[in-house]
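Fair warning: this is a prediction, and the values are worked out from it, not measured in the lab. What's counted below: heavy atoms across the whole structure, side chains too, no hydrogens, waters or symmetry copies.
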Amino acid sequence: MTTDTHGIAPPPPAGGKSALAGAKGTGRLGDRLFLGLSRGAGLTILALMGGIAAFLTWRASLALADNHGNFLTTFQWDANDTPPVFGIAVLAFGTVVSSVIAMAIAVPIAIAIALFTTFYAPRKLAGVVSYAIDLLAAVPSIVFGLWGALFLVPHLTGVYQWLDSWLGWTVVLSYDGAAPRALMTVGILLAIMILPIVTNVSREVFRQAPRMQQEAALALGATRWEVIRMSVLPFGRSGVISASMLGLGRALGETMAVATVLSPSAILSARLLEPGGGTFAQNIASSFKESGEFGRDALIASGLVLFLITLVVNGAARLIIARRKEYSGADA
């Protein structure tokens with residue numbers, strides 16, 4: 001960008017168009033090629049999403065047309081029987097409940113870790129913690145599942161007994177001593193799995209909080225926590241919500257870890273510490289191999305519901321991000 005004799009940059013072109021937007025009209029081969037590749041990539045993603053949605057809808061319609069139960073309210077899943085009866089009531093309940101438990105555990109811890117590494121921890125310690133969080137994100141789902149089945153499940157028995165002794169009167173947290181392959185265990189495992197996603201995104205948002213506002217608050221005598229509470233957290237609220245919803249999308253679609261830990265059943269129970277329940281992804285992974293053609297169409301129907309739920313969650317996250325774009329580069 002050139003400047004005049006006083007060192008002041010000239011105003012932007014009339015109409016408010018940026019130089020990149022004006023490059024569309026230049027006849028440069030590189031600009032036209034890059035524009036075509038960008039558009040092609042965007043259209044490819046839309047085509048893939050549309051193709052997946054069309055395939056799921058087509059195969060789901062074949063199964064739903066011959067289903068002898070109400071798909072939304074039926075508890076049992078007997079798609080291979082004659083006549084076939086299957087529904088998503090238990091699966092939807094288990095998917096939503098386990099994901100909500102994961103969010104309730106992971107989000108506060110992730111925000112605390114992000115604030116600690118950004119504002120409190122020494123640089124070396126912050127680097128070590130951040131590195132550990134990044135490594136946690138690289139662990140495969142099946143490894144989490146094996147760890148959960150062989151280590152987490154046996155060690156949660158005492159915790160569940162303690163919860164039952166104090167909160168068993170709520171029924172939700174009552175425990176009868178069975179192996180804790182329950183929705184609560186799944187929620188705890190999912191919380192560990194989504195922790196890196198929420199932490200990393202929240203940390204980047206907090207790092208880009210306006211520096212001038214923080215320094216002004218410190219100059220007025222505010223403590224470090226007051227600066228975070230009055231300047232950083234309000235600024236990063238939308239980013240934290242978006243990070244949480246991205247983590248929720250991961251929790252909703254997790255498959256192998258849930259299938260390894262959970263003891264599924266067709267019983268819809270509010271007792272979160274006792275074995276039972278199921279999720280969409282777990283049911284698909286567990287039932288797909290022994291299902292016939294009609295049974296697979298039924299599983300695809302449940303996959304369509306999960307696809308729509310995940311699409312809504314991620315779309316909502318994008319809308320929240322679009323409402324507040326100033327954290328994308330505001331470190332003034």
### Task
Indicate the atoms forming the closest heavy-atom contact of Pro275 with Ala182, along with that distance.
N-CB, 4.1 Å

### Task
Determine, step by step, whether Ile228 and Phe206 satisfy the side-chain contact (heavy atoms from CB on, under 4.5 Å) criterion, reporting the C-alpha distance in whole Å, the side-chain angles of both residues, the deciding distance to 0.1 Å, and the verdict.
CA-CA 9 Å; Ile228 294 174; Phe206 293 152; over 6 Å; no

### Query
Is Ser61 reaching over with its side chain to a backbone N or O of Trp58, donor-acceptor style, under 3.5 angstrom?
yes

### Query
Roughly how far, to the nearest 0.5 Å, is CG of Asn314 from OG of Ser242?
10.5 Å

### Message
Could you go through Glu254 and Arg250, starting from their C-alpha distance and side-chain angles, then the distance that decides it, and tell me whether this counts as salt bridge (charged side-chain N to carboxylate O under 4.0 Å, His left out)?
### Response
CA-CA 6 Å; Glu254 184 52 47; Arg250 167 73 186 276; 3.1 Å; yes

### Query
Counting N and O atoms only, with roles assigned by atom type, does the side chain of Asn200 sit under 3.5 Å from a partner on the main chain of Pro196, one being a donor and the other an acceptor?
yes

### Task
Could you tell me the separation between the CG atom of Leu268 and the CZ atom of Phe93, rounded to the nearest 0.5 Å?
5.0 Å

### Query
What's the spacing between Met230 CE and Trp225 CH2 if we round to 0.5 Å?
10.5 Å

### Task
Please report the closest heavy-atom contact between Pro234 and Arg229, naming both atoms and the distance.
CD-O, 3.2 Å

#### Entry: Other residues, nucleotides, ligands: >12 heavy atoms within 6.0 Å of Phe288 CZ
no

### Query
Linking I/L/V/M/F/W/Y whenever any side-chain heavy atoms sit under 4.5 Å apart, do Ile109 and Val107 land together?
yes

### Message
Please say yes or no: joined through hydrophobic side-chain contacts below 4.5 Å, possibly via intermediate residues, are Leu273 and Ile267 part of one cluster?
### Response
no

### Message
Using the rule given for side-chain contact (heavy atoms from CB on, under 4.5 Å), can you reason through Phe75 versus Phe86, listing the C-alpha separation, both sets of side-chain angles and the distance that settles it, and then say yes or no?
### Response
CA-CA 7 Å; Phe75 290 179; Phe86 56 91; over 6 Å; no

### Query
How close do Ser244 and Met103 get, heavy atom to heavy atom, and via which atoms?
O-CE, 3.0 Å

### Task
For the pair Thr95 (side chain) and Phe280 (backbone), establish whether a donor and an acceptor sit closer than 3.5 Å, ignoring hydrogens and angles.
yes

### Task
Would you kindly confirm whether Leu304 and Leu72 end up in one hydrophobic cluster when ILVMFWY residues are joined by side chain heavy atoms under 4.5 Å apart?
no

#### Entry: Side chain Thr279, main chain Gly94, donor-acceptor under 3.5 Å
no

### Query
Would you call Tyr160 and Met184 a side-chain contact if the rule is heavy atoms closer than 4.5 Å?
yes

### Task
Report the distance from atom OG1 of Thr199 to atom CG of Asp134, rounding to the nearest 0.5 Å.
10.0 Å

### Task
Show your reasoning for whether salt bridge (charged side-chain N to carboxylate O under 4.0 Å, His left out) applies to Arg296 and Glu293.
CA-CA 5 Å; Arg296 292 176 181 175; Glu293 183 176 358; over 6 Å; no

### Task
Taking all heavy atoms of Pro210 and all of Ser231, pick out the closest pair and write down the distance.
O-OG, 4.5 Å

### Query
Is Trp77 reaching over with its side chain to a backbone N or O of Thr74, donor-acceptor style, under 3.5 angstrom?
no

### Query
If only atom types and distance count, is the side chain of Thr118 paired as donor or acceptor with the main-chain N or O of Phe116 below 3.5 Å?
no

### Task
Kindly give the heavy-atom pair with the smallest separation between Leu183 and Gly276, and that separation in Å.
CG-O, 4.1 Å

### Query
Think Arg224 forms a cation-pi with Phe119, using NZ or CZ under 6.0 Å from the six-ring centre and within 45 degrees of its axis?
no

### Query
Any donor-acceptor pair under 3.5 Å linking the side chain of Asp66 with the backbone of Pro84?
no

#### Entry: Worked check of side-chain contact (heavy atoms from CB on, under 4.5 Å) between Trp169 and Leu167
CA-CA 5 Å; Trp169 56 271; Leu167 300 173; 4.2 Å; yes

### Query
How about Ser174 and Arg271: does a side-chain donor come under 3.5 Å of a side-chain acceptor?
yes

### Query
Among the clusters formed by ILVMFWY side chains lying less than 4.5 Å apart, do Leu48 and Phe55 turn up in the same one?
no

### Task
Determine which pairs satisfy salt bridge (charged side-chain N to carboxylate O under 4.0 Å, His left out) with at least one residue from residues 42-61, sequence neighbours left out, and list them in order.
Arg59-Asp297

### Working for side-chain contact (heavy atoms from CB on, under 4.5 Å), residues Val258 and Leu189
CA-CA 8 Å; Val258 178; Leu189 184 61; over 6 Å; no

### Query
Does one side chain, of Tyr175 or Ser165, offer a donor that lies under 3.5 Å from an acceptor on the other?
no

### Message
Closer than 3.5 angstrom, by distance alone: can the side chain of Thr310 be matched with the main-chain N or O of Phe307 as a donor-acceptor pair?
### Response
no

### Task
Would you check if the side chain of Glu226 reaches a backbone N or O of Thr223 as a donor-acceptor pair within less than 3.5 Å?
yes

### Contact summary for Ala222 and Leu218, nearest pair of heavy atoms
O-CD2, 3.6 Å

### Query
Can you tell me how far the CG atom of Leu173 sits from the CH2 atom of Trp166, to the nearest 0.5 Å?
14.0 Å

### Task
Can you measure from OG (Ser286) to CE (Met256) and round to the nearest 0.5 angstrom?
8.0 Å

### Flag, side chain of Arg181 to backbone of Thr260, donor-acceptor distance under 3.5 Å
yes

### Query
Do the non-hydrogen side-chain atoms of Ile284 and Thr255 ever get within less than 4.5 Å of each other?
no

#### Entry: Student check: side-chain heavy atoms of Pro122 and Leu125 closer than 4.5 Å
yes

### Query
Side chains of Leu190 and Phe144: does their closest heavy-atom pair fall under 4.5 Å?
no

### Task
Indicate if Leu252 and Ile52 have the same hydrophobic cluster label, given that clusters are the connected sets of ILVMFWY residues with side-chain heavy-atom separations under 4.5 angstrom.
no

